[in-house]
> 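Supplied in structure tokens, the structure appears directly below.
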Amino acid sequence: MDELSKKIFAMRKDFVTQGLARADMHTDPLVQFGLWMKQAVDSGMEEPNAFVLSTLGDHDRISSRVLLLRGVDNGGFSFYTNYRSAKAKDIQARPGVSINFYWLPLFRQIRIEGVATRTRTADSDAYFASRPRESQAGAWASAQSAVLQDRAQLEKQLTEIEKKYEGQPIPRPPHWGGFVVKPQYMEFWQGRQSRLHDRFAYEPKQGGGWKISRLAP
């Protein structure tokens, strides 16, 4: 075993927290998510809205990447991207996705499994209009996930877009917009001492509402 492997092997961190009780859990997982997100934001941690999105691509290839949450609305979790990107193509072919938030300072994790669909055009327009102008230009210049010859090619494309829209608003590209993931399963994890963590799963009940179950760590 090399030195790096030895260091990784020896890593240990005990999570000392007050834990999580069934009485702490709201009946609606989206409301519970909002309560935890507010606590994460109030804690001052960097980008608590960062999450890992996993999709299933061709040949059963699973891909994961870090994105930024942009809303908890329309009954789900929204983010924005290039519709020609690898993740968007995966979603459009197989809309089942997985989302994971990990907030180490609070020793918390949230797992979400659901189905992704495109957001309404009006929502995509509104979010694009709120972005910095440099990001708007970048959405046009970058053919996300496509092979680039070099960095100069990207910068040239960006310069061309900036010249094209000089002195006028930059419109949203038709190939850029949002997805909303509507949950079919959610799990809230609170780290505890000796790896005896608290876990609560939400699953939809027939006829409406959610069933909440405590899971073994």
Side-chain angles (χ1 to χ4, degrees), residues 12-55 64-81 87 91 95-120 122-124 126-131 177-217:
R12 295 287 185 278
K13 186 176 182 64
D14 220 3
F15 302 142
V16 181
T17 69
Q18 293 181 342
L20 192 62
R22 172 65 180 81
D24 298 327
M25 310 305 294
H26 196 280
T27 55
D28 186 330
L30 290 174
V31 174
Q32 182 63 40
F33 177 87
L35 295 171
W36 271 26
M37 174 60 82
K38 183 179 186 303
Q39 292 171 9
V41 171
D42 291 347
S43 75
M45 74 174 68
E46 292 288 336
E47 295 194 322
N49 60 326
F51 67 94
V52 174
L53 172 74
S54 298
T55 58
S64 299
R65 73 287 284 165
V66 177
L67 301 176
L68 296 176
L69 182 71
R70 289 307 182 196
V72 184
D73 45 32
N74 299 319
F77 302 84
S78 60
F79 62 91
Y80 293 84
T81 188
K87 60 181 168 294
I91 289 170
V97 302
S98 175
I99 287 177
N100 186 277
F101 290 86
Y102 183 53
W103 297 327
L104 180 58
L106 300 178
F107 307 131
R108 285 177 173 175
Q109 179 178 206
I110 302 173
R111 293 179 53 229
I112 302 161
E113 297 172 6
V115 174
T117 57
R118 289 194 184 194
T119 59
R120 297 173 299 189
D123 292 335
S124 293
Y127 178 68
F128 188 82
S130 75
R131 304 183 88 205
F179 285 102
V180 59
V181 178
K182 297 195 175 183
Q184 297 178 328
Y185 174 89
M186 289 183 65
E187 182 183 318
F188 293 82
W189 177 98
Q190 177 70 66
R192 293 291 298 272
Q193 204 163 9
S194 303
R195 298 296 187 264
L196 296 177
H197 313 305
D198 290 320
R199 296 171 60 192
F200 286 95
Y202 287 75
E203 296 176 280
K205 292 191 299 186
Q206 193 169 17
W210 295 82
K211 175 186 175 183
I212 305 176
S213 304
R214 176 183 278 275
L215 305 180

> With a 4.5 Å cut-off on side-chain heavy atoms, are Gln39 and Arg108 touching?
yes

> Minimum heavy-atom separation for Phe79 to Leu68, with atom names?
CB-O, 3.8 Å

> Keeping the roles fixed (side chain from Ser64, backbone from Val52), state whether a donor-acceptor pair exists under 3.5 Å.
no

> Phe101 and ring pair (Phe, Tyr, Trp, His ring centres under 6.0 Å): which single residue from Trp189, Phe33, Phe188, Trp36 fits?
Phe33

> If you measure from OH on Tyr185 to CD1 on Ile112, what distance do you get to the nearest 0.5 Å?
11.5 Å

> Between Phe77 and Met186, is any pair of side-chain heavy atoms under 4.5 Å apart?
yes

> Considering only heavy atoms from C-beta outward, does the side chain of Val115 approach that of Lys182 to under 4.5 Å?
no

> Which atom names give the shortest non-hydrogen contact between Leu215 and Ala201, and what distance separates them?
CD1-CB, 3.8 Å

> Rounded to the nearest 0.5 Å, what separation is found between the CG atom of Leu53 and the CG atom of Leu69?
11.0 Å

> Would a 4.5 Å heavy-atom cut-off, applied to side chains only, mark Asp24 and Gln32 as touching?
no

> Which heavy atom of Asp73 sits nearest a heavy atom of Ser78, and at what distance?
OD1-OG, 3.7 Å

> Can you name the closest pair of heavy atoms from Thr119 and Ser124 and give their distance?
OG1-OG, 2.9 Å

> Side chains of Leu106 and Ser43: does their closest heavy-atom pair fall under 4.5 Å?
yes

> Closest heavy-atom contact between Leu30 and Pro183?
CD2-CG, 4.3 Å

> Does any part of the side chain of Glu187, heavy atoms only, come nearer than 4.5 Å to the side chain of Arg199, both counted from C-beta?
yes

> So, the side chain of Gln184 versus the backbone of Glu113: is there a donor-acceptor pair under 3.5 Å, distance only?
no

> Answer yes or no: is there a donor N or O on one side and an acceptor on the other, between the side chain of Thr55 and the main chain of Ile91, under 3.5 Å?
no

> So, do Thr81 and Leu67 sit near enough that their side-chain heavy atoms are less than 4.5 Å apart?
no

> Please check if the number of heavy atoms outside Arg120 that lie under 6.0 Å from its CZ is greater than 12.
no

> Would you indicate whether the side-chain heavy atoms of Asp123 and Tyr80 approach each other to under 4.5 Å?
yes

> Check the pair Ile110, Phe51 against side-chain contact (heavy atoms from CB on, under 4.5 Å), reporting the backbone distance first and the verdict last.
CA-CA 9 Å; Ile110 302 173; Phe51 67 94; over 6 Å; no

> In Å, rounded to the nearest 0.5 Å, how long is the span from NZ of Lys211 to CD of Glu203?
6.5 Å

> What pair of heavy atoms forms the shortest contact from Phe200 to Ala21, and how long is it?
CZ-C, 3.7 Å

> Test Arg192 against Leu20 for side-chain contact (heavy atoms from CB on, under 4.5 Å), laying out the working first.
CA-CA 9 Å; Arg192 293 291 298 272; Leu20 192 62; over 6 Å; no

> Is there a side-chain contact (heavy atoms from CB on, under 4.5 Å) between Gln109 and His197? Walk through the geometry before answering.
CA-CA 11 Å; Gln109 179 178 206; His197 313 305; over 6 Å; no

> Can you measure from CD1 (Ile212) to NE2 (His26) and round to the nearest 0.5 angstrom?
9.5 Å

> Mind running side-chain contact (heavy atoms from CB on, under 4.5 Å) on Met37 and Trp103 for me, showing each step along the way?
CA-CA 10 Å; Met37 174 60 82; Trp103 297 327; 3.8 Å; yes

